[in-house]
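Before any comments, here is the structure.
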Amino acid sequence: MLSSALPETGSAPGSARGESEPGSWMRRLHRFGYTAPRRPDTRVRLVPPFPEPGTRLWDALGLSPATALRAARCTGWLGPVLVAVFAGVIRFWHLAHPHDLVFDETYYAKDAWSLLTFGYEGTWPDRTVADPQVLGTPQVIPLSDTGAFLAHPPMGKWMIAPGEWIFGLNPLGWRFMAAVVGTLSVLMLCRIGRRLFRSTALGCLAGTLMAVDGLQYVMSRVALLDIFVMFFVLAAFGCLLVDRDRARAGFAAALPVDEAGFARPDPTTAGRTGTGLRPWRIAAGILLGLAAATKWNGLYFLVFFAVLTVLWDVGSRRLAGARRPYLAVLRKDLGWSALSLVPTAAATYLATWTGWFASDKAYGRHWADDRGGTWSWIPATIRSFWHYEYQVYQFNVGLHSPHRYQSNPWSWLVLGRPVLQYYQSPKAGAQGCHAPAGCVQSVLALGTPLLWWSGCCALAYLLYRWALRRDWRAGAVLCAVAAGYLPWFHYQDRTIFSFYAVAFVPFVCLAVAMTVGAMAGPPGAGRTRRIRGVSAAGVLVLLIIANFVYFLPIYTGDTIPYSAWYSRMWFNAWI
């Protein structure tokens with residue numbers, strides 16, 4: 001937390017130890033020419049201001065000082081928008097290729113169409129029968145209204161559905177919303193990084209890194225659910241950051257100010273000031289409910305983020321001067337925090353099942369209608385829903401079907417076993433192949449290697465910053481990574497895949513951006529130190545971008561010679 005990274009006053013203004021003793025020493029030292037550095041105003045420590053943007057670039061372009069200043073101030077939005085446009089262009093480019101149902105698209109794309117048609121998931125024939133009919137010309141949609149058992153809640157499939165409503169049941173339709181969400185998440189990450197680091201440059205760097213991450217790129221171009229989990233989680237994290245700043249701004253405004261206009265910590269203000277209604281925290285609760293309604297691993301983010309917000313509240317009140325910050329949070333914040341997040345998320349989760357509740361033919365909808373027993377006083381619909389949720393839970397924890405591309409979470413950060421989602425090997429003269437030895441078309445859910453390997457080092461650096469330097473920003477990023485990563489170690493015997501890691505990709509990018517900022521040097525660093533640091537950081541970023549470009553053909557399913565594909569398989573475990 002910020003309060004732990006900076007010196008504490010340890011006493012209230014006006015106390016004997018806080019005024020008399022240090023003051024007398026300061027007066028004695030002042031006689032010898034010593035001037036004590038002025039302690040930062042507590043309001044500034046609570047809510048550090050955004051630095052005024054420089055105008056050097058705009059001055060060089062010949063703009064007037066006033067116009068240059070206005071242009072510089074626009075960079076807070078202009079930079080993120082430009083990064084997002086770049087991300088969108090490469091994500092929407094040939095989005096309908098390959099013309100196939102890639103990996104688990106065979107389930108989610110068809111379920112999304114069923115939701116559009118019935119409001120619940122109907123039944124399709126076996127994929128070997130249904131997929132050729134859906135992809136054929138003329139198209140046949142062999143969907144029946146008999147409810148089907150599904151292993152995941154409906155929100156992610158509802159997210160896929162708008163694209164199919166616009167473009168139809170075809171590759172562009174079922175991938176469109178994934179590309180939209182993947183692009184918007186880059187924009188959000190730029191703005192979140194800017195707020196977290198108080199730096200537009202580092203925010204845009206984090207967004208750029210995610211724009212060129214191979215895993216996030218692939219997941220933005222296929223109709224799977226995990227990209228939507230990532231989107232909702234990232235949006236919730238951003239809302240909680242805004243909520244943190246606004247709550248701390250409230251404390252800053254309530255602190256008493258002395259004759260010189262200087263605000264010091266005040267125990268009474270810090271212990272008794274309420275934060276009132278916190279709409280951004282409620283918005284975070286809604287978004288976390290949507291994440292859990294996409295895939296249940298979103299629930300872990302709710303738990304981790306709830307703890308994180310409590311610790312943020314404790315840090316805010318401690319910095320404002322509370323002698324017992326945990327007690328103050330318990331009295332003033334904890335109840336409203338829990339109500340803002342947990343019940344809101346639960347209500348949102350239930351709301352996403354509206355189509356199931358409103359139907360008569362959805363799977364298990366009338367399971368409890370003719371069942372009595374101890375719980376018969378509970379409405380049959382609720383009991384049927386609970387039974388369905390229990391079946392889903394049993395299915396997910398008991399999924400042990402071996403899969404060639406399953407992996408253990410220990411290997412995810414180092415890209416031990418990426419998932420091959422699509423593979424074709426056209427012969428020479430077919431599908432644009434001109435290589436005598438044949439070609440390959442593949443979609444490999446592989447993170448950009450240099451970015452992820454740098455991310456491992458960055459996470460270690462952030463662990464040092466949080467544990468030894470008490471940097472709250474490092475703690476926040478590590479909390480999000482832990483929420484998306486650590487719970488999977490509990491299910492190591494289950495069939496799981498490395499692309500689940502896309503849920504915490506944004507936070508790996510934030511970690512790398514923070515580390516790059518440290519490489520560039522702290523404020524006030526000498527010119528030589530700054531040049532060396534910026535040069536090293538620039539080389540690393542350029543190498544990451546070049547690494548993404550090199551692997552791009554195996555992310556998009558382009559036709560490339562077999563030798564070119566094989567040269568990109570750096571490890572046997574990638575094949």
Side-chain angles (χ1 to χ4, degrees), residues 87 90-109 127-128 131-132 135 170-172 174-175 178-179 182 211-227 402-407 411-412 414-453 495-502 505 544-575:
I90 61 176
R91 277 155 180 74
F92 281 95
W93 185 259
H94 290 169
L95 183 60
H97 177 76
H99 185 77
D100 205 342
L101 285 156
V102 172
F103 202 65
D104 281 351
E105 283 186 340
T106 187
Y107 306 115
Y108 306 131
R127 60 187 299 179
T128 58
D131 290 6
L135 295 166
N170 55 59
L172 177 60
W174 60 66
R175 295 173 191 156
V212 297
D213 174 58
L215 179 58
Q216 204 269 0
Y217 178 77
V218 169
M219 301 303 290
S220 298
R221 290 171 55 87
V222 294
L224 272 63
L225 304 181
D226 302 84
I227 192 70
H403 193 284
R404 181 179 178 184
Y405 289 100
Q406 70 184 69
S407 59
S411 69
W412 289 1
V414 294
L415 308 178
R417 184 59 169 165
V419 179
L420 184 64
Q421 298 190 348
Y422 177 81
Y423 184 89
Q424 294 291 329
S425 52
K427 303 299 182 182
Q431 302 181 44
C433 177
H434 303 291
C439 297
V440 168
Q441 296 175 345
S442 72
V443 175
L444 185 67
L446 169 72
T448 303
L450 188 55
L451 172 60
W452 279 78
W453 296 337
T495 305
I496 53 178
F497 302 96
S498 60
F499 64 76
Y500 297 168
V502 74
V505 161
I544 290 172
I545 295 173
N547 198 206
F548 169 75
V549 173
Y550 176 71
F551 282 98
L552 188 59
I554 65 172
Y555 295 146
T556 58
D558 287 350
T559 302
I560 57 175
Y562 178 85
S563 58
W565 170 82
Y566 190 75
S567 68
R568 288 164 171 80
M569 298 297 102
W570 288 357
F571 303 98
N572 290 333
W574 290 8
I575 299 177

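Only a predicted model underlies this, so the values are computations on that prediction, with no experimental measurement involved. For this chain, numbers begin at 1 and follow the sequence in order.
Looking only at side-chain heavy atoms (C-beta outward), Arg175 and Glu105 come within less than 4.5 Å of each other. Using a 4.5 Å heavy-atom cutoff, the side chains of Tyr555 and Thr448 are in contact. Within the 4.5 Å cutoff, the side chain of His403 has no heavy atoms near those of the Val419 side chain. Residues Tyr107 and Arg127 form a side-chain contact, since some pair of their non-hydrogen atoms from C-beta on lies under 4.5 Å apart. Proximity of Asn547 to Leu451: side-chain heavy atoms (C-beta onward) are nowhere separated by under 4.5 Å. With a 4.5 Å cut-off on side-chain heavy atoms, Ser567 and Tyr550 count as touching. Proximity of Met569 to Leu444: side-chain heavy atoms (C-beta onward) are separated by under 4.5 Å at one or more points. Side-chain atoms of Gln421 and Met219, non-hydrogen and from C-beta on, do get closer than 4.5 Å to each other.
Considering CG of Asp131 and CG of Asp100, their distance stands at 7.5 Å, rounded to 0.5 Å. Distance check: Leu446 CG to Arg417 CZ gives 11.5 Å after rounding to the nearest 0.5 Å. Atoms NE2 and CG, from His94 and Asp558 in turn, are 8.5 Å apart once rounded to the nearest 0.5 Å.
Between the side chain of Trp453 and the main chain of Val414, a donor-acceptor pair closer than 3.5 Å is present. A side-chain donor-acceptor contact under 3.5 Å links Arg91 to the backbone of Ala211. Side-chain atoms of Trp174 never come within 3.5 Å of backbone atoms of Leu101 as a donor-acceptor pair (strictly under, hydrogens ignored).
Checking Leu224, Val218, Leu215 one by one against Val502, the side-chain contact (heavy atoms from CB on, under 4.5 Å) holds for a single residue, Leu215. A side-chain contact (heavy atoms from CB on, under 4.5 Å) with Ser442 is found for one member of Thr556, Ile554, Ile560 and no other, namely Ile554.
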Query - CA sep, side-chain torsions, deciding dist, call: Trp570, Phe551, side chain to side chain contact (heavy atoms under 4.5 Å, CB included) - result: CA-CA 11 Å; Trp570 288 357; Phe551 282 98; 3.7 Å; yes

Requested in this report: Could you check Tyr405 against Phe103 for ring pair (Phe, Tyr, Trp, His ring centres under 6.0 Å), going step by step and ending with a plain yes or no?
Outcome: CA-CA 11 Å; Tyr405 289 100; Phe103 202 65; 8.1 Å; no

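For the pair Trp452 and Ala501, the tightest heavy-atom approach, listed with the atom from each and the gap, is CH2-CB, 4.0 Å. The two atoms that bring Ile227 and Ser220 nearest to each other are CD1-OG, 3.7 Å, heavy atoms only. The minimum heavy-atom distance linking Gly416 with Ala573 is given by the pair O-CB, 3.1 Å. Across all their heavy atoms, His97 and Gly557 have their closest contact at NE2-O, 2.8 Å. Closest approach of Cys439 to Thr559, counting heavy atoms only: CB-CG2, 3.7 Å. Nearest heavy atom pair, residue Tyr562 against residue Tyr423, reads CE1-OH, 4.4 Å.
Ala96 meets the side chain to side chain contact (heavy atoms under 4.5 Å, CB included) test with Pro171, Leu172; sequence neighbours excluded. Qualifying side chain to side chain contact (heavy atoms under 4.5 Å, CB included) partners for Ile90, counting only residues two or more places apart in sequence or in other chains: Phe86, Tyr217, Phe548.
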